[in-house]
Structure formats: structure tokens, C-alpha cells
Number of protein chains: 2
Amino acid sequence: MPWLTDASKNDTVTLICDRVWLAVVQRSLRPGARLKDEDLAEAFGVSRARVRQALAVLEKDGLVSLVPNRGACIAEPGVAEARDAFYTRGFIEKRLVERLCALATQADIAALRDHIAKERAAHAGQDSEAVIRLSGEFHLLIARLTDAQFLGKILRTLTTRTSLITAMYQTESTQTCGPDEHEAIVNAIEARDAARAADMMEHHLHHLESALQLHEAKSPAVDLRAALGLSDAAAQ
Amino acid sequence: MPWLTDASKNDTVTLICDRVWLAVVQRSLRPGARLKDEDLAEAFGVSRARVRQALAVLEKDGLVSLVPNRGACIAEPGVAEARDAFYTRGFIEKRLVERLCALATQADIAALRDHIAKERAAHAGQDSEAVIRLSGEFHLLIARLTDAQFLGKILRTLTTRTSLITAMYQTESTQTCGPDEHEAIVNAIEARDAARAADMMEHHLHHLESALQLHEAKSPAVDLRAALGLSDAAAQ
DNA sequence: CAGCGCAATATTGTCGACAATAAAATTGAC
DNA sequence: GTCAATTTTATTGTCGACAATATTGCGCTG
């Protein structure tokens, strides 16, 4: 998976960052999960200094929150940040597909269709990790096909944060939307219908956002209280 | 200078990052300047591990390029990256001023005019460092006034990279454009003329870009401590 | 038996030292 | 005199150890 990370570098810190990033995208690391650097150090077989660097860059990326003398944990975006993330995604991705309508080659469209095929395969195979990951990578692929390096990196950050957000605020009914909406977007791109493509993208993102319950709720509290079947009034 | 950095943290690494960032914006650290971590460590009075973390995050930000066994130096964006940066800035800032036309309060416009006044003062006072810094901060102010957190951070990265680019590719004739174009943009915003505001912004950025000669350029190394503006304070 | 304070533990933050690699300088040969 | 190989130096990469701080468990007291 040679992504738009600076992949050529054998740098260990980059590897750690990518690994954590992947774990977050695949929901194997959930928001609020503690990251003890010693554990990470042993897990990667390196010293703590290296994981510390990785933690620093991940913090700047907004993926982990790093409180001074209390260690690091996966970030828990608030509702304001969630709305901002979706707003920014719409802001960027709408223009991106518009631009792609004008510039896309046949090879690009083939790549998009190929990606959707992978999504369908993962969907059929019940591989939920792959489903989630591929769903995000679709948007990154769009960014890459437009030759917009910066926007691509930005979008990587944004999709990652979206993963965090959906992990926090999704209702259990909500599954990740299937590849159908993605396919509708690709269809619009192939038809060179910029307006429809932008509409499809906006609809898609709005669909994602509205499937969440964006209220103030602490994820650990919700998990605990709901899991134990306690009423809301009692605790704390 | 309480910027949209996570300012509240007393974290040393954040301080180092901001200091280097400021030095780059003010042109006291030019592209290609070597950053020997031991020098930085002594300059800031801390150990090398700390500056190494800072270097890691700065590298991910694209501000320094960090080649495996040869140390760190201020990044030297290529022509492709330069064009991408300007494209992305236009992409974002055009929409930003459009949005600001709809949402700006009187206080916002007053803040913008106040900022332009500062720009004029620095311009009159021949304080070229302040001129350059304030010129960039104008765009960041626009981002902040629109309540777009993400776009603000993105724009901070982009303006920084623009600083690098202009430092590399500017002709000696080129001065940083005065506050006039900024004022024109604010006038359009105050008139709630979204189309004109977007045009003004596009023109402004295009003006900046076209004033450069996009060929290869060299840049010499400079003294670290003087460039970072710390006058023997921390050295001892 | 509940609440509070204190000690024990665990985890983080910071640092200096050692090994590995690249750049520079010296020396030798043609 | 110049080029090349080798030694020398400087700088980076990595690590383990020590100090500071938060968390946990225990015991004491009311």
C-alpha cells in the first residue's frame, strides 16, 4: 500500500505514524485509547525516543492528544471539530470532483472503478476493516488523481479525523455507507457532469454526517453506562 | 504573538517549532539553511532529543527537509510545489473571502482595517521583517474570522510555504506587495460584493506568483542564533 | 464503615553518552 | 602538480539511565 505518505523513507518514525494511522482508520485503535510509549517501544522493537518523535508529529496532526504529564491517547474530537471537519471536507471535495470532471482521463476513471470493485469485494467478504479503510481511501484517490498534492495531504488528515468522529458518534445502526454512493460520483465524473458530481459528493458527505448523533456525549461514559444498563442520572 | 498555534502549552518543542517558523516567515532563515541539532540544542538551552522532536514535526509540516544521515535543513520547495501551493491558496482563499462577505460583522471588518493600519505603519517605518510577517498574517486573519479552524491551520502551512517560495524565487526588484491590495479586498468584503472580493483575492495571489521567476536558485547558510533572534540569552 | 492522607508503583519527561555514517583533510603516489 | 586513498573529524542516529510527576493501593482516623 504505497500511499501518499513519504513512503520511500525507511524512517522508523514514519513507520510508527503510519501504523498508528492505519490502526485508527481500521478502528482497532479507538478514540481515547491510551498509548503508553513504553508499550509502543516494545511493540515496534525500538527505543522510546523514537516513539516519542512519532507521538509528537501525530499530535500536531491532531490524531493523538498529548497532555503534559499524563501521556498520550487517541484524540477525541468534540462536536465543533466534527462539524468543522465535515464542512472542510465538503468545501474541498466538492471542488475536487468538479475539477476532476474536467481533467479525468480514461485511466483515472478505470482506477476509480477498480477501487469501487475492491470496495464491493470487501463488502461481500464481510471484511469490515477493509471496508472502512477502502471507503476512506476512495476520497484520497480522488485527491491524488487531480494532481493536488497539498489537498491530498489535507484530505488524508481530514478523512482520518472523520474516522475518529464516526468512531465516536456513530449510532449502532449506522454502518459505513456502501460503495453505491461512490459509484454515483464516479458515474457523474465519467459523464463530465460537474454540477451533478459536486451534488453527489455533497450528498454523500451530508449522508455521512447526518448518520451521526452529534451531541455532547463522552464516549467512555456512554460505553460504560450503556454497557452496564444504568440510567443516565446516577453517575458522577 | 498568540497565534492559532496551540499556544497554551508550555511545551518546549512547540516553542522551538514556532521560533523556527517565525524565523522562516521573517526571512531570517532562508531555504537550504542547515539546522545542526546540536547548535539548536545549545541555542535553546535544551537537549538534542527535544530539538529532534521539533525537527520531526517541522519535517512533516514540510518546513524542513530531513535527509537520513545528513541532517536537517530548511526546505527548498521545487517549482511544482510552488505552483501547487499557489493553486491551493487560490482554491481556499477565494472561497474564504466569499464566505466572509456573507458572514463578516462590523467588528470583523474593523479588525481587518486595524490590521491594514499596522501593515501601513510597518511599511512606513521600513520594518521589513514586520512588513513580511504582517502581510502573511492578513491572510491568516481572514481565515480566523470565518471560524474555519481547519482551513486556518492549512492556510498557516501554506503561507509559510509561500514565504519559502518567495524567498527562493523572488527577483530583487520584487518587494512584498504593499497593503493596497489587501485594502481592496477588505473594501469588497465591506461592500458585500463576493464576486469582486474573490476576484481581488485571485488577482492578489496571481500578482504574488507572477512576480517570481520560477527557476532554480541558491541560498547560503546563515548564522543560527542571530536568525532566530535569541541574543545569547539561552546560550550561556 | 466512610473519608482522608501517605506510601508504593508506574509512567512520563529529560538528559548525557556511545555507535554509525558522511564530510573533510592529510598524505602519498604517479 | 594533481588525483586518489586513507585517516581524521564532525555530525547524526540510537539507546539506556535518571529525575519528576501522576496514579494506585493501603493504612489510619474519625
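Below, read A as the first sequence line, B as the second, and so on, with proteins coming before strands; counting in each chain starts at 1.
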Trainee: Which pairs would a plain distance check flag for residues 84-92 of chain B, meaning a side-chain donor or acceptor within less than 3.5 Å of a matching protein atom at least two apart in sequence or in another chain?
Mentor:
from	atom 1	to	atom 2	distance (Å)
B:Asp84	OD2	A:Gln149	N	3.2
B:Asp84	OD2	A:Phe150	N	3.1
B:Tyr87	OH	A:Arg99	NE	3.2
B:Thr88	OG1	B:Asp84	O	2.7
B:Arg89	NE	B:Glu93	OE2	2.7
B:Arg89	NH1	B:Thr162	OG1	3.1
B:Arg89	NH2	B:Glu93	OE2	2.9
B:Arg89	NH2	B:His139	ND1	3.2

Trainee: Partners of B:Thr166 by side-chain hydrogen bond (donor to acceptor under 3.5 Å, both in side chains), sequence neighbours excluded?
Mentor: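 For B:Thr166, the residues satisfying side-chain hydrogen bond (donor to acceptor under 3.5 Å, both in side chains) (neighbours in sequence not counted) are B:Arg27.
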Trainee: Scan residues 36-75 of chain A for pairs that pass ring pair (Phe, Tyr, Trp, His ring centres under 6.0 Å), counting only residues two or more places apart or in two chains.
Mentor: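 Listed once each, the pairs would be none.
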Trainee: Under the rule for side chain to side chain contact (heavy atoms under 4.5 Å, CB included), what residues qualify as partners of A:Glu42, not counting sequence neighbours?
Mentor: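 Partners of A:Glu42 by the side chain to side chain contact (heavy atoms under 4.5 Å, CB included) criterion come out as none, since no residue qualifies.
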Trainee: When you check every protein heavy atom under 4.0 Å of nucleotides 9-22 of chain C, what one-letter string (B, S, -) results, 5' to 3'?
Mentor: --SBBBSB----SS
Trainee: A:Thr105: which residues meet the side-chain hydrogen bond (donor to acceptor under 3.5 Å, both in side chains) condition with it, sequence neighbours left out?
Mentor: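 With neighbours one apart ignored, the set is A:Asp108.
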